[in-house]
Amino acid sequence: MTSYDAIPDFGLLYDSVPLYAARKDIAFYVEEATRAPGPVLEVGCGTGRILLPIARSGRTIAGLDSSAQMLARCRERVAAEPALAGGRVTLHHQDMRAFDLGATFALVIAPFRVLQHLTRVEDQLSFFTAVRRHLAPGGRVVFDVFNPNFKALVGADGAEHEDTPEQPLPDGRTLRRTARVKRVRWLDQVSEIELVYYVSGQRYVQAFDIRWYLHAELRHLLARAGFRVRETYGDFVRSPLVDASPEQVVCAEVEGVRTP
């Protein structure tokens with residue numbers, strides 16, 4: 001069971017967090033998808049926050065996630081859009097470290113820091129190996145991770161900080177959420193995170209580790225996995241990556257196979 005499946009109605013709670021709804025990455029990934037000369041695969045599709053806009057743009061897209069609850073919510077949202085009927089969207093419940101869909105794609109995307117859930121090098125390499133198997137000739141992989149803010153990492157105090165003030169849910173309950181960095185494991189480059197959901201008096205804790213990457217390390221990891229970096233951006237409007245950039249957005253291709 002993933003940390004996303006340990007809390008009741010987690011898909012609904014996830015879709016109710018304003019920080020996620022306000023994230024500025026959708027237009028970027030839709031643009032990448034519309035540029036691709038074939039079908040798209042999203043790894044870590046969750047409830048469809050990015051998958052649905054890509055499908056609405058007319059692209060054929062497959063979504064993959066290891067969370068049964070998130071996929072169930074995504075299926076509900078896809079089913080609510082009649083225009084997406086007819087097989088433009090397919091969903092798969094598989095592990096991102098070793099998935100096998102029996103198909104290839106012009107573009108594989110892993111948005112919203114999916115790669116940061118893989119804390120072990122072996123798992124990171126397994127993920128990129130699976131991606132390579134699923135890329136059509138000339139295909140690309142595009143993903144994002146946050147650019148580490150060391151001042152914030154050093155200043156982590158272990159306290160809960162509210163990121164979602166109390167608000168009503170569609171079913172009549174209320175939601176409030178706090179977040180805290182429980183511990184930073186510097187040698188592992190891992191932050192231990194707890195997101196605490198307060199749902200009408202009930203307290204649910206989602207605990208997970210987040211691996212943070214330096215840019216040079218990312219390039220080495222991709223090279224070891226057989227990829228070369230084509231572009232890197234510091235945000236989702238394609239600004240150059242600099243020290244103060246909030247994101248590292250990476251577009252890569254299989255080494256030796258250059259795209260136009």
Side-chain angles (χ1 to χ4, degrees), residues 17-36 40 42-44 46 49-50 53-54 96 107-121 123-125 127-128 131 135 139-157 161 163 179-181 183-193 195 208-255 257-260:
V17 175
L19 284 176
Y20 299 158
R23 194 166 159 77
K24 303 298 185 181
D25 54 353
I26 293 176
F28 171 84
Y29 282 106
V30 170
E31 184 176 2
E32 288 294 315
T34 55
R35 290 178 176 179
V40 179
E42 181 183 358
V43 178
R49 185 180 64 87
I50 288 175
I54 289 177
M96 67 180 287
L107 174 68
V108 176
I109 61 173
F112 202 2
R113 305 167 183 170
V114 167
L115 184 63
Q116 296 191 248
H117 288 279
L118 301 179
T119 59
R120 300 169 62 246
V121 173
D123 291 338
Q124 296 155 15
L125 291 172
F127 164 69
F128 282 116
V131 169
L135 278 177
R140 292 165 49 127
V141 58
V142 180
F143 63 93
D144 63 82
V145 297
F146 66 67
N147 195 26
N149 180 332
F150 288 100
K151 182 178 180 180
L153 289 169
V154 170
D157 58 8
H161 298 275
D163 66 12
R180 74 168 181 142
V181 179
R183 182 164 70 116
V184 177
R185 304 202 310 264
W186 294 98
L187 286 178
D188 296 330
Q189 293 180 211
V190 166
S191 296
E192 298 177 5
I193 306 296
L195 300 179
F208 55 94
D209 292 346
I210 283 290
R211 171 73 149 82
W212 35 273
Y213 298 87
L214 302 179
H215 184 60
E217 176 191 16
L218 268 183
R219 297 184 79 98
H220 279 283
L221 176 63
L222 283 161
R224 185 177 174 189
F227 288 88
R228 66 180 296 275
V229 175
R230 283 290 303 271
E231 297 95 21
T232 306
Y233 307 110
D235 56 31
F236 297 107
V237 294
R238 304 180 189 270
S239 301
L241 176 66
V242 297
D243 288 348
S245 296
E247 310 284 346
Q248 299 181 69
V249 186
V250 180
C251 307
E253 64 191 4
V254 176
E255 183 63 57
V257 181
R258 189 157 182 98
T259 55

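The chain is numbered in sequence order, starting from 1.
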S.K.: How long is the gap from CD on Glu253 to CZ on Arg230, to the nearest 0.5 Å?
M.R.: 4.5 Å
S.K.: To the nearest 0.5 angstrom, please state how far the CG atom of Leu241 sits from the NE2 atom of His215.
M.R.: 5.5 Å
S.K.: Assess whether side-chain contact (heavy atoms from CB on, under 4.5 Å) is satisfied between Phe150 and Val184, documenting all intermediate values.
M.R.: CA-CA 11 Å; Phe150 288 100; Val184 177; over 6 Å; no
S.K.: Would you find a donor on one side and an acceptor on the other, under 3.5 Å apart, between the side chain of Asp144 and the backbone of Phe112?
M.R.: yes
S.K.: Heavy-atom distance under 4.5 Å between the side chains of Thr119 and Asp123, does that happen here?
M.R.: no
S.K.: So, Tyr213 side chain and Leu221 main chain: donor-acceptor pair closer than 3.5 Å or not?
M.R.: no
S.K.: State, to 0.1 Å, how close Asp188 and Arg185 come at their nearest heavy-atom pair, and which atoms those are.
M.R.: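 Looks like OD2-NE, 2.9 Å.
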S.K.: Heavy atoms, side chains only, cut-off 4.5 Å: are Phe146 and Ile210 in contact?
M.R.: yes
S.K.: To the nearest 0.5 Å, what is the distance between CZ (Arg219) and CG (Leu222)?
M.R.: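 Reported to 0.5 Å precision, the distance equals 8.5 Å.
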S.K.: Is there side-chain contact between Asp235 and Ser245, with heavy atoms separated by less than 4.5 Å?
M.R.: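 The answer is no; the side chains never approach within 4.5 Å.
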S.K.: Check for a donor-acceptor pair, side chain of Gln189 on one end and backbone N or O of Trp212 on the other, with a separation under 3.5 Å.
M.R.: yes
S.K.: Check ring-ring contact (aromatic ring centres under 6.0 Å, His included) between Tyr233 and all other residues, then give those that pass, not counting sequence neighbours.
M.R.: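 None.
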S.K.: If you look at every heavy atom in Ala110 and Phe127, which pair is closest and at what distance?
M.R.: CB-CZ, 4.1 Å
S.K.: Taking side-chain hydrogen bond (donor to acceptor under 3.5 Å, both in side chains) as the definition, give me every residue that meets it alongside Asp25, ordered by chain and number, with sequence neighbours left out.
M.R.: Arg23, Arg49
S.K.: What residues, two or more places apart in sequence or in another chain, satisfy side-chain hydrogen bond (donor to acceptor under 3.5 Å, both in side chains) together with Asp243?
M.R.: none
S.K.: Go through it in stages, so that I can follow the logic: the residues are Val181 and Ile193, the test is side-chain contact (heavy atoms from CB on, under 4.5 Å), and I'd like the CA-CA distance, side-chain angles, deciding distance and then a yes or no.
M.R.: CA-CA 5 Å; Val181 179; Ile193 306 296; 3.9 Å; yes
S.K.: Should we count CZ of Arg224 as having more than 12 external heavy atoms under 6.0 Å?
M.R.: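 At most 12 heavy atoms, drawn from other residues, nucleotides or ligands, come within 6.0 Å of this atom.
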S.K.: Can Phe143 and Val114 be said to form a side-chain contact (heavy atoms from CB on, under 4.5 Å), step by step?
M.R.: CA-CA 8 Å; Phe143 63 93; Val114 167; over 6 Å; no
S.K.: With a 4.5 Å cut-off on side-chain heavy atoms, are Phe227 and Val250 touching?
M.R.: no
S.K.: Please give me the minimum heavy-atom distance between Pro53 and Ile50, naming the atom from each residue.
M.R.: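 Here Pro53 and Ile50 meet closest at CD-O, 3.1 Å.
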S.K.: Between Glu247 and Lys24, is the closest basic N to carboxylate O distance under 4.0 Å?
M.R.: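 Judged by the 4.0 Å cut-off on N to carboxylate O distance, Lys24 and Glu247 do not form a salt bridge.
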S.K.: Let me confirm one number: the CZ-CZ distance from Arg140 to Arg35, rounded to the nearest 0.5 Å.
M.R.: 7.5 Å
S.K.: Is it true that a side-chain atom of Gln124 and a backbone atom of Leu118 form a donor plus acceptor pair closer than 3.5 Å?
M.R.: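 Present.
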S.K.: Over 60° means perpendicular and under 30° means parallel, so classify the ring planes of His117 and Phe208, tilted if in between.
M.R.: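 It falls in the tilted class, 30° to 60°.
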S.K.: Test side-chain contact (heavy atoms from CB on, under 4.5 Å) on Thr232 and Leu218; report intermediate values, then the result.
M.R.: CA-CA 11 Å; Thr232 306; Leu218 268 183; over 6 Å; no
S.K.: With rounding to the nearest 0.5 Å, note down the distance linking CZ in Arg238 to SG in Cys251.
M.R.: 6.5 Å
S.K.: Hey, is the main chain of Pro111 close enough, under 3.5 Å, to the side chain of Glu42 for a donor-acceptor pair?
M.R.: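 No; judged by distance alone, with no hydrogens or angles, the pair does not exist.
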